[in-house]
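Letters A, B, ... mirror the listed sequences (proteins, then strands); counts begin at 1. Because the structure is a prediction, the values reported are computed rather than measured.
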Amino acid sequence: MTKDAEKKDNKAQQYGVTPQSVDFNDWYNEVVKKADLADNSPVAGAMVVRPYGSALWENIQRWLDDRFKASDHESLIFPTLIPMGFIMKEADHVEGFAPELFTVNKIGTEELAEPYVMRPTSETIIGHMWAGWLNSYRDLPFLHYQWGSVFRAELRTKAFLRTSEFYWHEGHTAHAAEDEALAEVRMILDLYHEFCRDVLALPVVRGEKTATERFAGAVSTFSIEGMMRDGKALQSGTSHYLGQNFSRAFDVKFQTREQKEDYAHTTSWAISSRIIGAIIMTHGDDFGLIMPPRIAPVQVVIIPVGRKDNFSEMVAEGEKLAAELRAGGVRVRVDKRDGVTNGFKYNDWELKGVPVRIELGPRDLESGVVVVKNRNSDEKETLPRAEAVSGLAARLDAIHDWLYARAANFMLEHTTEVDDYETFKQKLEEGHWVRAYHCGDAACEKQIKEDTKATTRNVPLDDAEFFNERGEGQCARCGQPGAYGKRVIFGRQY
RNA sequence: CGGGGCGUAGCGCAGGCCGGUAGCGCACUUGGUUUGGGACCAAGGGGUCGCAGGUUCGAAUCCUGUCGCCCCGACCA
């Protein structure tokens with residue numbers, strides 16, 4: 001190898017990320033680290049969310065929080081520790097979470113008579129408190145949620161997707177009647193769908209989970225499922241109807257208008273920091289991230305281009321432009337770093353997925369233009385400076401639409417309707433989702449999982465944006481009549 | 001927890017078989033030249049080789065144990 005070739009080789013190692021097609025998993029891990037989203041921590045299975053990732057999460061929180069409040073939900077704060085006994089009160093719940101609980105059984109050197117667990121979710125302690133707050137049907141509904149982190153020990157972890165401590169909101173509501181609770185469950189599911197579609201540019205399928213995949217302790221579980229660029233499914237949000245399971249376990253009862261006693265119908269719902277994994281894996285490309293513009297921590301980066309003698313002048317011009325954009329509500333950053341070349345900056349911001357880059361150099365200044373480049377295009381455009389400002393909102397919208405269409409097409413192209421088990425297995429092997437009729441039998445589902453590593457993702461709702469057609473057919477595996485009146489989505493999952 | 005791999009500078013690695021107390025690229029610092037797609041030159045700083053024990057005059061290198069990480073499975077938002 002010549003010296004130059006050696007240098008080039010070293011650069012290839014140093015810069016950029018492994019292409020998705022070479023190794024999707026390596027690509028993901030490298031993007032997370034190199035884009036400064038997160039880093040490993042000394043605590044096994046727990047990540048550190050770095051400033052760029054934290055800024056993204058804050059934007060996610062802000063949008064959702066506004067919408068929760070706009071629909072009369074109230075936030076509150078519960079303890080991170082939950083008495084061990086609480087977890088034990090709901091049978092399915094214990095079974096579901098027991099293996100992954102972190103337990104606190106000492107204070108200082110003193111053993112606790114009753115250990116605490118680090119909350120894996122808060123239904124139990126919230127139920128306990130509600131019992132004390134609820135007297136009459138007039139008190140209902142309770143529309144509560146909290147932002148925080150929860151703990152579930154994971155054997156194999158992966159940044160954002162599966163960490164032993166993760167961040168989320170958990171919504172908890174209690175209602176006097178079943179239909180009200182179910183309406184809440186649907187309202188939240190639709191809100192999550194809207195958030196994914198209109199803010200994150202993530203196409204997702206709203207549907208109901210089969211019994212096997214239900215939340216521990218729920219009567220019914222609804223989810224939004226998205227497809228990542230390796231064809232795997234990611235459950236991106238969930239909304240559960242808990243019936244009266246938890247209210248009976250925690251004595252959440254009230255007096256009805258008819259002067260009878262009844263247990264509340266409760267719901268719970270969540271989107272976690274996992275959604276950041278969905279953003280990365282749905283929109284990323286071989287150059288790195290592509291941030292959906294409406295949530296991007298930095299929507300526009302301005303690169304002042306100049307030599308030593310006029311660099312500071314160009315920075316000042318960049319700041320002026322930034323101020324105009326900020327006045328229009330745009331999140332913008334000026335890359336003032338000196339001593340790194342422009343090419344380095346371009347690649348750096350592309351890796352971080354900033355939707356729009358504006359270059360501003362002496363030549364541009366002289367002729368009153370700027371050079372604009374979208375993250376999703378190879379083309380640079382030269383625009384009058386004023387148009388770069390006035391046209392920016394539309395430009396960001398166009399990038400959003402482009403991302404959504406690209407992801408939706410990918411999902412549709414990688415989903416196949418099948419009616420026989422051989423094709424079923426083959427398509428899954430090819431990284432597709434499979435839409436098939438299923439008998440609804442848990443043992444049959446389990447067998448499919450053993451054969452293919454795939455599980456049911458969900459049964460799309462009648463008004464789901466994708467895959468919602470009703471129909472009748474035989475189970476693709478066992479030939480028994482389909483149980484859901486439509487095809488079920490099967491896929492390998494994160 | 002079962003199978004496989006790996007722990008040497010911030011990152012990526014070489015050295016190990018044939019013991020003699022550590023090297024390369026990138027990153028970092030300083031100075032200079034550069035700057036419209038991952039700059040160049042020069043001079044520097046930084047590790048004692050995951051940890052513990054053993055063999056030896058001497059261990060990154062050999063032996064034993066242990067911890068941690070990654071990948072494949074089982075578990076999972």
Using purine N1 to pyrimidine N3 plus N6-O4 or O6-N4 for Watson-Crick, or N1-O2 and O6-N3 for G-U wobble, both under 3.5 Å, which nucleotide pairs with rA59(B)? none
Per the under-4.0 Å heavy-atom filter, residues of residues 345-359 of chain A near RNA chain B come out as Tyr346(A), Asn347(A), Asp348(A), Glu350(A), Arg357(A), Glu359(A)
Side chain to side chain donor-acceptor pair (under 3.5 Å) involving Glu90(A) - partner list, sequence neighbours excluded: none
Can you tell whether the side chains of Glu317(A) and Lys320(A) come within less than 4.0 Å, N to carboxylate O? yes
Tell me every residue that passes side chain to side chain contact (heavy atoms under 4.5 Å, CB included) with Val369(A), counting only those two or more places apart in sequence or in another chain. Asp364(A), Ser367(A), Thr382(A)
Donor-acceptor check, side chain of Thr456(A) to backbone of Asn458(A), threshold 3.5 angstrom: yes or no? no
Atom pairs under 3.5 Å, N or O on each side, protein against nucleotides 2-4 of chain B: can you list them with distances?
none

Pairing check on rC1(B): which nucleotide meets the Watson-Crick or G-U wobble criteria with it, both distances under 3.5 Å? rG73(B)
Look up atom CZ in Phe166(A) and atom CZ in Arg152(A), then write down how far apart they are to the nearest 0.5 Å. 4.0 Å
Heavy atom of residues 271-305 of chain A under 4.0 Å from RNA chain B: which residues? Ser272(A), Arg274(A), Val305(A)
Pair Thr415(A)-Met227(A), side-chain contact (heavy atoms from CB on, under 4.5 Å): steps then yes or no: CA-CA 10 Å; Thr415(A) 303; Met227(A) 181 186 278; 3.8 Å; yes
List in chain and number order the residues that pass side chain to side chain contact (heavy atoms under 4.5 Å, CB included) with Gln426(A), two or more places apart in sequence or in another chain; answer none if no residue qualifies. Glu430(A)
Roughly how far apart, to the nearest Å, are rG4(B) and rG65(B) at atom P? 16 Å
Val371(A) near the nucleic acid: base, sugar-phosphate alone, or nothing, with a heavy-atom cut-off under 4.0 Å? base
